[in-house]
Amino acid sequence: MAGDRVEEFTAFRKRMNERILAEDNQVVRRFFALDTQTYREGALDVKTKEMLGLVASMVLRCDDCISYHVAQCKEAGVNRDEFFEVFSVGLVVGGSIVIPHLRRAVDFLDSLDGEASPDAAACADHTAA
């Protein structure tokens with residue numbers, strides 16, 4: 001079940017990105033390219049950039065963005081202790097309204113790790129702080 005969530009998210013994102021980029025719209029294409037270029041290695045390494053993206057996504061309360069950056073952080077080698085420090089920064093900057101998104105971030109991380117608890121889905125659906 002946990003793996004299904006990750007697979008569904010990844011498949012939907014890939015399918016919709018392909019669909020969107022198939023349109024003849026240079027603004028959309030250039031924005032997607034800018035996003036891709038932003039997260040490439042530069043003065044900051046990819047791991048740091050992905051952690052920054054995760055904090056920004058938490059503060060902006062974008063669950064799709066949070067899931068994406070959790071997966072990218074995991075791929076970049078962010079460990080569990082580092083994740084929780086990143087989550088702490090997002091929580092402090094964003095305030096208590098970030099708590100429901102923190103729950104979903106940890107649930108998605110658990111899904112990536114194959115560690116989802118039996119009641120994780122109920123927690124992930126809870127929207128009140």
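Residue numbers start at 1 and run along the sequence shown.
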- Write down the atom of R40, the atom of K49, and the distance for their closest heavy-atom approach. O-NZ, 2.6 Å
- Message: Please check: side-chain N/O of T48 versus main-chain N/O of L44, any donor-acceptor pairing under 3.5 Å?
- Response: no
- same_hphob_cluster(V106, V93) at 4.5 Å side-chain heavy-atom cutoff: yes
- Task: Return each pair, listed once, that meets salt bridge (charged side-chain N to carboxylate O under 4.0 Å, His left out) where at least one residue sits in residues 19-30; pairs must be two or more places apart or across chains.
- Result: R19-E23
- Message: What's the separation between atom SG in C73 and atom CD1 in I66, rounded to the nearest 0.5 Å?
- Response: 11.5 Å
- With sequence neighbours left out, write down each residue that passes salt bridge (Lys or Arg N to Asp or Glu O under 4.0 Å) with D45, or none if nothing qualifies. none
- So if you build clusters from Ile, Leu, Val, Met, Phe, Trp, Tyr with side-chain heavy-atom gaps below 4.5 Å, do L52 and V55 land together? no
- Looking only at heavy atoms, which two atoms of F83 and K74 are closest? And how far apart? CZ-N, 3.7 Å
- Task: Measure the OH-CD distance between Y39 and E50 for me, rounded to the nearest 0.5 Å.
- Result: 6.0 Å
- Nearest heavy-atom contact between A71 and F108 is CB-CE2, 4.2 Å
- Task: Could you tell me the separation between the CG atom of N17 and the CZ atom of F32, rounded to the nearest 0.5 Å?
- Result: 4.5 Å
- Query: How long is the span from the CZ atom in R5 to the CZ atom in R104, to the nearest 0.5 Å?
  - Reply: 9.0 Å
- How far apart are the closest heavy atoms of V6 and S111, and which atoms are they? CG2-CB, 3.8 Å
- When rounded to the nearest 0.5 angstrom, what is the spacing between CZ in F31 and OG1 in T36? 10.0 Å
- Contact summary for V46 and A76, nearest pair of heavy atoms: CG1-CB, 4.4 Å
- Query: Has E75 got more than 12 heavy atoms of other residues, nucleotides or ligands less than 6.0 Å from its CD?
  - Reply: no
- Note on the structure: dist L102:CG -> S96:OG (nearest 0.5 Å) comes out at 11.5 Å
- Message: Salt bridge check, R103 against D63: does any charged N sit closer than 4.0 Å to a carboxylate O?
- Response: no
- Residue pair D64, R13: steps toward the salt bridge (Lys or Arg N to Asp or Glu O under 4.0 Å) verdict: CA-CA 9 Å; D64 280 358; R13 186 177 182 283; over 6 Å; no
- Query: Linking I/L/V/M/F/W/Y whenever any side-chain heavy atoms sit under 4.5 Å apart, do V92 and L60 land together?
  - Reply: no
- Query: Sub-3.5 Å donor-acceptor pair from the side chain of E82 to the main-chain atoms of N79, do we have one?
  - Reply: yes
- Test side-chain contact (heavy atoms from CB on, under 4.5 Å) applied to H101 and M58, step by step: CA-CA 7 Å; H101 305 279; M58 291 179 73; 5.6 Å; no
- Query: Between Y68 and F9, what is the shortest heavy-atom contact and its length?
  - Reply: N-CZ, 3.7 Å
